[in-house]
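Have a look at the structure below before the remarks.
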Amino acid sequence: MKYAWLKSSLALAIAACSTYSLAAGFAINEQSVSSMGTSFAGRSSSGEDATTVFGNPAAMSRLKREEISLGAAAIIAKTDIEDASGPAGTNDGDMVPLVGVPMGYWVKPLDEKVTFGLGVYVPFGLVTDYESGFQGRYEGDYSEVRVITIQPTLSYRFNDQLSVGMGATINRIDGELESAVFTGPGFPDSRVKIKGDDVAAGFNVGILYEFTPNTRVGLTYHSKVEYELEGETRVSGVVTSPINGSYDASLDLTLPEMIDMSVTHELNDQWTLYAGAAFTRWSRLEEIRVSTSGLPGPASARFGTIVEEQDWHDSWSYAIGAAYKLNPQLVLRAGLALDQTPTNNTHRSPRIPSDDRKAFSLGLGYSPTDDITVDLAYSYLKEDDASVEQDTYSATYENSAHGLGAQVSYRF
């Protein structure tokens with residue numbers, strides 16, 4: 001019985017890196033609404049506003065005026081759960097509530113060659129909240145996890161063709177995660193909750209090369225970030241054991257590096273074409289190793305360290321997009337993206353029940369004056385059916401999502 005409680009604590013720790021979003025795995029793509037309109041094609045080569053602090057810090061050199069960009073995206077997810085089996089319970093789906101993803105950037109040219117930038121954005125995290133009595137509740141029924149990043153950045157323009165940029169990242173991860181625990185026949189479920197947080201450093205570096213005034217390529221490297229989460233595991237509601245209480249818990253977690261490559265080509269005064277590919281090294285997530293201290297009796301020696309295999313694999317995403325300048329004030333955008341999942345059928349859980357996905361996006365940019373631009377974007381995402389096969393629960397998930405974004409950029 002004690003092993004069941006500890007295994008649930010492990011599942012909750014896994015949820016710290018297992019959420020649902022518009023990007024594969026547990027990453028979030030929505031750091032720029034202007035890029036969202038082209039399904040993030042050209043993200044590392046466009047350099048059209050201050051959101052390039054994230055997309056490619058080298059492209060800040062294209063901005064000739066001080067600029068602030070503020071925005072947010074909302075993710076509206078829908079899930080149908082089919083062919084479920086396990087303990088008694090319900091499968092309402094739609095476990096992801098309306099989630100807002102904020103972003104903010106500031107870019108200031110210091111001289112003709114050097115530009116400073118500052119970004120605040122959310123690279124990972126989301127919320128999953130299943131209904132009370134969910135059939136898969138023993139594998140996890142509530143997760144709230146987020147990573148918030150602050151990135152001071154500098155770029156340097158060597159000449160008309162070549163620019164480079166680099167920014168340090170300060171990243172905070174925190175979350176609150178819960179699961180039901182089967183106590184025994186005739187007894188109500190007990191609960192396990194874990195809280196944890198940490199702050200860690202990383203960096204982003206980029207290069208931009210402009211072959212001609214109309215054609216440029218970009219390459220951005222987002223480093224891995226190594227966290228040492230410290231927190232608390234709390235067990236409550238158990239009437240057959242003295243294990244109720246709070247215990248110190250720790251988890252080492254490495255969030256993977258990502259490389260984004262893209263090209264932007266201005267076909268003429270009206271049409272601009274974008275294409276890009278991104279590689280994420282999800283194979284770093286081979287296992288989750290949780291250490292729990294203060295457990296009563298022999299449980300400490302046997303279950304103080306628990307390991308659960310994940311065996312994720314590296315993944316690629318691809319995107320193409322286009323923008324059409326209808327007039328000097330209005331730009332229309334569209335894009336298509338394909339995103340591979342890093343998960344596999346053996347270890348996929350209800351906390352991240354996703355598979356390969358396709359996304360289609362539309363967007364617009366409206367500039368009533370030379371100083372202000374308002375960007376709006378809409379994305380629709382559809383996933384392949386995802387199979388979940390866990391110890392106490394199996395089901396097929398049919399996932400889709402709508403994304404809405406709005407952004408305002410002001411130039412001084």
Side-chain angles (χ1 to χ4, degrees), residues 1-21 25-26 77 79-81 84-97 99 124-146 173-183 188-196 229 231-238 247 249 251 253 285 287-290 292 303 306-312 341-355 386-397 399:
M1 186 65 65
K2 291 180 180 178
Y3 174 74
W5 290 316
L6 292 169
K7 189 172 185 297
S8 296
S9 298
L10 174 63
L12 288 169
I14 292 171
C17 57
S18 300
T19 54
Y20 183 84
S21 76
F26 50 92
T79 297
D80 292 323
I81 302 176
S85 64
T90 59
N91 290 280
D92 291 348
D94 296 336
M95 66 284 188
V96 180
V99 174
F124 297 95
L126 208 58
V127 179
T128 56
D129 187 7
Y130 287 91
E131 72 275 12
S132 176
F134 168 54
Q135 192 170 10
R137 60 194 177 276
Y138 303 137
E139 305 296 337
D141 58 8
Y142 180 80
S143 310
E144 183 177 359
V145 183
R146 57 200 167 272
I173 184 171
D174 65 273
E176 179 177 323
L177 310 142
E178 299 184 37
S179 178
V181 180
F182 180 71
T183 305
D189 290 340
S190 54
R191 301 288 301 173
V192 178
K193 177 190 294 186
I194 187 169
K195 292 183 177 180
L229 281 81
E232 173 188 87
T233 298
R234 181 173 180 82
V235 181
S236 61
V238 182
Y247 308 93
L251 167 66
L253 175 67
L285 192 60
E287 65 179 19
I288 299 294
R289 183 178 295 268
V290 177
T292 304
F303 303 118
I306 306 176
V307 178
E308 183 164 313
E309 187 178 359
Q310 294 301 295
D311 194 27
W312 281 25
T341 181
T343 63
N344 59 73
N345 291 336
T346 302
H347 303 296
R348 187 181 292 117
S349 80
R351 295 199 187 272
I352 185 164
S354 64
D355 212 308
S387 175
V388 171
E389 297 286 345
Q390 293 291 297
D391 293 341
T392 66
Y393 181 69
S394 64
T396 298
Y397 280 68
N399 300 318

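Only a predicted model underlies this, so the values are computations on that prediction, with no experimental measurement involved.
Taking CD from Q390 and OH from Y138, the interatomic distance works out to 15.5 Å, rounded to the nearest 0.5 Å. Rounding to the nearest 0.5 Å gives a distance of 8.5 Å between CZ of R137 and OG of S132. Put simply, CD1 on I352 and CH2 on W312 are 3.5 Å apart, with the number rounded to the nearest 0.5 Å. Taking CD1 of I173 as the reference point, atom CG of L253 lies at 5.5 Å (rounded to 0.5 Å). The CE atom of M95 lies 5.5 Å from the CG atom of N399; values are rounded to the nearest 0.5 Å.
Shortest non-hydrogen contact noted between S236 and S190 is O-CB, 3.1 Å. Residues A249 and T233 share a closest heavy-atom pair of CB-OG1, 3.3 Å. Between R146 and D174, the shortest heavy-atom contact is NH2-OD2, 2.7 Å. In terms of heavy atoms, L229 sits closest to G196 at CD2-C, 4.3 Å. Pairing each heavy atom of N91 with each of E131, the nearest pair is N-OE2, 3.5 Å. Of all non-hydrogen atoms in A180 and D189, the two that sit nearest each other are CB-OD2, 4.1 Å.
Counting only distance, with no hydrogens or angles, the side chain of T392 and the backbone of P87 share no donor-acceptor pair below 3.5 Å. Judged by distance alone, with hydrogens and angles left aside, the side-chain atoms of T341 form a donor-acceptor pair with the main-chain N or O of T343 at under 3.5 Å. When atom types are taken as modelled, the side chain of Y130 and the backbone of P350 share a donor-acceptor pair closer than 3.5 angstrom.
Under the salt bridge (charged side-chain N to carboxylate O under 4.0 Å, His left out) criterion, D80 pairs with K78, sequence neighbours left out. Scanning for ring pair (Phe, Tyr, Trp, His ring centres under 6.0 Å) contacts around Y393 gives F134, with sequence neighbours left out.
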For side chain to side chain contact (heavy atoms under 4.5 Å, CB included), just list the numbers for E178 and D129, CA-CA rounded to whole Å, side-chain angles, deciding distance to a tenth of an Å, and then say yes or no. CA-CA 10 Å; E178 299 184 37; D129 187 7; over 6 Å; no

Side chain to side chain contact (heavy atoms under 4.5 Å, CB included) for V388 and S394? Distances and angles first, verdict last. CA-CA 5 Å; V388 171; S394 64; 5.9 Å; no

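Inspection of the N345 and S387 side chains reveals no N or O donor paired with an N or O acceptor under 3.5 Å. Residues E139 and S349 bring no donor and acceptor atom of their side chains to less than 3.5 Å of each other.
Here R348 pairs with D355 in a salt bridge; the nearest charged N to carboxylate O distance falls below 4.0 Å.
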